[in-house]
Amino acid sequence: MFYFIEPEVAGGLGDRTVMDTSYHPPIVTKLEYKFEGWLGDELLESFPCFIMTEPLSTFLTKANLSGFTFESVHISTSDGFDEAFQNKILPRLLWLKVTGRAGVDDFGLADDHRLVVSGAALDILRAAQLDNADIEEYR
């Protein structure tokens, strides 16, 4: 079985993001994720990109799942984040680059660009903090 996941959006693309907007979705070649807030989920989104904590990425890699790679991401915080979370130390985060086919690989993108994961991938994601993601069956 496969599932749509719409992760928590804790921020947006920062000024250091490099992308070609002549395509839909835009093609991002360098990613800065700028935190505006954060409810604590380990998988986050800012269209068209996903990021996750390093420990979660390690679990996914060790499980030999398909349809993704990881790259570095530059992390920044907004003034509002800094005021609201004065002593918050963000974990190490990685850019989850989805390369698979929805409904075939463990990670893929549907035609509407939503993230689709296999049951095996969802089990690992749910073992991490994923309280603020919307999850529904992919058909």
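By the side chain to side chain donor-acceptor pair (under 3.5 Å) test, S46 is found to be paired with no residue, residues two or more places apart in sequence or in another chain being considered. Every residue two or more places apart in sequence or in another chain that forms a side chain to side chain contact (heavy atoms under 4.5 Å, CB included) with V18 is listed here: T29, K30. In this view, S78 and E36 satisfy the side chain to side chain donor-acceptor pair (under 3.5 Å) rule, not counting sequence neighbours. Listed by chain and number, the residues in a ring pair (Phe, Tyr, Trp, His ring centres under 6.0 Å) with F70 are F68 (sequence neighbours excluded). Annotation: side chain to side chain donor-acceptor pair (under 3.5 Å) contacts of S22 (sequence neighbours excluded): D20.
Between F4 and Y138, a ring centre-to-centre spacing shorter than 6.0 Å is recorded.
Taking the side chain as every heavy atom from C-beta outward, L56 and I124 approach each other to under 4.5 Å. For the pair V116/R114, no side-chain contact is recorded, criterion being any heavy-atom separation below 4.5 Å from C-beta on. Put simply, the side chain of L44 does not reach to within 4.5 Å of the side chain of V9, judged on heavy atoms. With a 4.5 Å cut-off on side-chain heavy atoms, N87 and I89 do not count as touching.
Of the possible polar contacts, none joining the T17 side chain to the L31 backbone as a donor-acceptor pair under 3.5 Å is found.
Applying the ring pair (Phe, Tyr, Trp, His ring centres under 6.0 Å) test to residues at least two apart or on different chains, the pairs with a partner in residues 17-38 are H24-F47, H24-H113, Y33-F35, F35-W38, F35-F81.
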